[in-house]
Amino acid sequence: MERIRARLIYNPTSGREEVRRRLPDILQKLERGGIETSCHATEGEGDAARAASLAVEHGFDMVIAAGGDGTLNEVVSGLSGHERRPALGILPLGTTNDFARAHGIPRQWSDACDLITRRFTRSVDVGKADEKYFINIAGGGSLTELTYEVPSKLKTMVGQLAYYMKGLEKITNLHPVRMKITADGVGEFDEEMMLFLIANSNSVAGFDRLAPDASTNDGVFDVLALRKCNLGEFIRLATMVMRGERVLQDPKTIYFQSSHIIVESEDRVQLNLDGEFGGTLPCTFSLLPSHLQVIMDEQGVSSYRHGNGNLRSVQPDE
């Protein structure tokens, strides 16, 4: 059996600390599947990115991100700056796991390991926000700060409920901000907005109806902005989202597709990149098509998107 060298980069505090508890079982399952795996436990912000970059320099065939969307974002960032980029495996053991959810990557650790040992990959687009990377979502404005403001201990204790608790706390402080969005092939929007979302996949904060047509292999972002609205209008739209109803055609929303977007504001607007703090506006968002090979099911994302895409198997030292 051919042997694949993999570097497992894991966040010991992700989700409910499952990866820490399951680590011996994960390593054993990967080893039996022909993947020689060494580990790196993250110790703080930016550590996963540095570990991923070092794994590339050391010639690993595969890098596995074990944790939540924040861990995945850092690993993607560490890989994306290199000319040679090894295949990326994902063990989605965080709270929301948006990217994994959008691509049918199993939440159960054992099933996710089985998927990784089969080693089929699909090309995916990667987003770039100035000099930072994101693979799933970028956004700014009211409520987009939720994911990085919720304490990790609270997420460990109550999981997804932590975001709803924080959302209820912030909802009375919603306010619009003047922003200008300029998009290639679309035009310009200059008005007061509550928030904007730049989606690379169809799963945003656990919801798949905010940007239902978004795909990580179509070469464009799906952009959704919420115009100025009062609390009642916001609750109406939020209720539609909770029910799984489409909001793209609502008069309070702006929706379009583009691969290059500039967002500006004279106010201080914080950015969210894959659930992590990403700086402030202004920012230029660009798309890197087919930038990474991500390990998925042999059928790719066909259960979410049309078509199977280009699949291939990871080979040693490629």
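Since this is a predicted model, take the numbers as computed values, not measurements. Atom set for the values below is all heavy atoms of this structure, side chains included, hydrogens, waters and symmetry mates excluded.
At distances below 3.5 Å, not a single donor-acceptor pair connects side-chain atoms of Ser53 with backbone N or O atoms of Ala49. The main-chain N or O of Ser215 is never found under 3.5 Å from a side-chain atom of Asn202 such that the two would form a donor-acceptor pair. Here the side chain of Glu74 pairs a donor or acceptor atom with the backbone of Gly46 at under 3.5 angstrom. At distances below 3.5 Å, not a single donor-acceptor pair connects side-chain atoms of Asn272 with backbone N or O atoms of Gly139.
Nearest heavy-atom pair across Ala41 and Asp47 is O-OD2, 3.7 Å. Taking all atoms of both residues into account, the shortest heavy-atom contact from Gln293 to Ser123 is NE2-OG, 2.5 Å. Nearest heavy-atom pair across Val294 and Phe99 is CG1-CE2, 4.0 Å. When all heavy atoms are compared, the tightest approach of Ser201 to His103 is CB-CE1, 4.1 Å. The two residues Gly59 and Arg5 have their closest heavy-atom pair at O-NH1, 3.4 Å. Across Ile135 and Asn200, no two heavy atoms sit closer than the pair O-ND2, 2.8 Å.
Expressed to the nearest 0.5 Å, how far CD of Gln108 lies from CG of Leu93 amounts to 9.0 Å. Residue Ile64 holds its CD1 atom at 5.0 Å from OG1 of Thr37, rounded to the nearest 0.5 Å. A distance of 5.5 Å separates CE of Met296 from CD1 of Ile105, quoted to the nearest 0.5 Å. To the nearest 0.5 Å, atom CD1 of residue Ile254 and atom CG of residue Leu224 are 9.0 Å apart. Within the model, atoms CG of Asn73 and CZ of Phe134 stand 9.5 Å from one another, a figure rounded to the nearest 0.5 Å. Between the CZ atom in Phe221 and the CD1 atom in Ile137 there is a gap of 9.5 Å [rounded to 0.5 Å].
By the 4.5 Å heavy-atom criterion applied to side chains, Leu271 and Lys132 are not counted as neighbours. Side-chain contact between Arg246 and Asp213 is present, with at least one heavy-atom pair separated by less than 4.5 Å. Residues Met179 and Asp190 have side chains not in contact (no heavy-atom distance under 4.5 Å, counting atoms from C-beta outward). Counting heavy atoms from C-beta on, the side chains of Asp297 and Phe120 never come closer than 4.5 Å. In this structure, Ile261 and Val186 have side chains that are not in contact, with every pair of non-hydrogen atoms separated by 4.5 Å or more. When side chains are defined from C-beta on, Asn217 does not count as touching Ser290, because their heavy atoms never get closer than 4.5 Å. For the pair Leu72 and Asp274, the minimum side-chain heavy-atom distance is 4.5 Å or more. Side-chain contact between Leu226 and Phe234 is present, with at least one heavy-atom pair separated by less than 4.5 Å.
With sequence neighbours excluded, the residues that form a side-chain contact (heavy atoms from CB on, under 4.5 Å) with Asn11 are Thr13, Ser14, Thr42, Thr71. Legend: residues meeting salt bridge (charged side-chain N to carboxylate O under 4.0 Å, His left out) with Glu233, ordered by chain and number and at least two apart, are Lys252. For Glu45, there are no salt bridge (charged side-chain N to carboxylate O under 4.0 Å, His left out) partners at least two apart in sequence or on another chain. When the salt bridge (charged side-chain N to carboxylate O under 4.0 Å, His left out) test is applied to Lys128, the partners found at least two apart in sequence or on another chain are Glu131. The side chain to side chain donor-acceptor pair (under 3.5 Å) test applied to Arg236 returns Asp250, not counting sequence neighbours. Residues satisfying the salt bridge (charged side-chain N to carboxylate O under 4.0 Å, His left out) test with Asp267, not counting sequence neighbours, are none. When the side-chain contact (heavy atoms from CB on, under 4.5 Å) test is applied to Arg7, the partners found at least two apart in sequence or on another chain are Ile9, Ser38, His40, Ala55, Phe60. Annotation: ring pair (Phe, Tyr, Trp, His ring centres under 6.0 Å) contacts of Tyr255 (sequence neighbours excluded): none.
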Could you go through residues 19-30 and list every donor-acceptor pair under 3.5 Å that involves a side-chain atom there, pairing it with any protein atom two or more places apart or in another chain?
from	atom 1	to	atom 2	distance (Å)
Lys29	NZ	Asp114	OD1	3.3

Side-chain polar contacts of residues 280-288 - donor-acceptor pairs under 3.5 angstrom, sequence neighbours left out - could you list them?
none

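Look at Asp61 and Arg3 and you find no salt bridge, because none of the NZ, NE, NH1 or NH2 atoms lies under 4.0 Å from a carboxylate O. Between Glu43 and Arg50, no side-chain nitrogen of the basic residue sits less than 4.0 Å from a carboxylate oxygen of the acidic one, so the salt-bridge criterion is not met.
With a 6.0 Å radius and a threshold of 12 heavy atoms from other residues, nucleotides or ligands, Glu57 has its CD atom above the threshold.
Screening residues 256-266 for side-chain hydrogen bond (donor to acceptor under 3.5 Å, both in side chains) gives Asp222-Gln257 as the qualifying pairs, with residues at least two apart or on separate chains. The salt bridge (Lys or Arg N to Asp or Glu O under 4.0 Å) analysis of residues 192-201, with sequence neighbours excluded, yields the pairs Glu192-Lys228.
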Practice task
Apply side-chain contact (heavy atoms from CB on, under 4.5 Å) to Ile90 and Ile295, showing your working.
Solution key: CA-CA 7 Å; Ile90 300 173; Ile295 298 170; over 6 Å; no
Exercise for the section: Decide side-chain contact (heavy atoms from CB on, under 4.5 Å) for Leu8 and Leu91; before the verdict, give the C-alpha distance in whole Å, the side-chain angles of both, and the deciding distance to 0.1 Å. Expected result: CA-CA 9 Å; Leu8 173 65; Leu91 290 176; 4.1 Å; yes
Practice task
Go through the steps to decide whether Arg101 and Asp69 satisfy the test salt bridge (charged side-chain N to carboxylate O under 4.0 Å, His left out), and finish with yes or no.
Solution key: CA-CA 11 Å; Arg101 181 177 181 274; Asp69 290 318; over 6 Å; no
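Two different hydrophobic clusters hold Leu54 and Ile4 under the rule that ILVMFWY side chains link at heavy-atom gaps under 4.5 Å. Ile262 and Leu273 fall into different hydrophobic clusters, defined by Ile, Leu, Val, Met, Phe, Trp and Tyr side-chain heavy atoms under 4.5 Å apart, directly or through other members. In this structure, Val220 is not a member of the same hydrophobic cluster as Val126, with clusters built from ILVMFWY side-chain heavy atoms closer than 4.5 Å.
Aromatic pair Phe189/Phe196: ring centres not closer than 6.0 Å.
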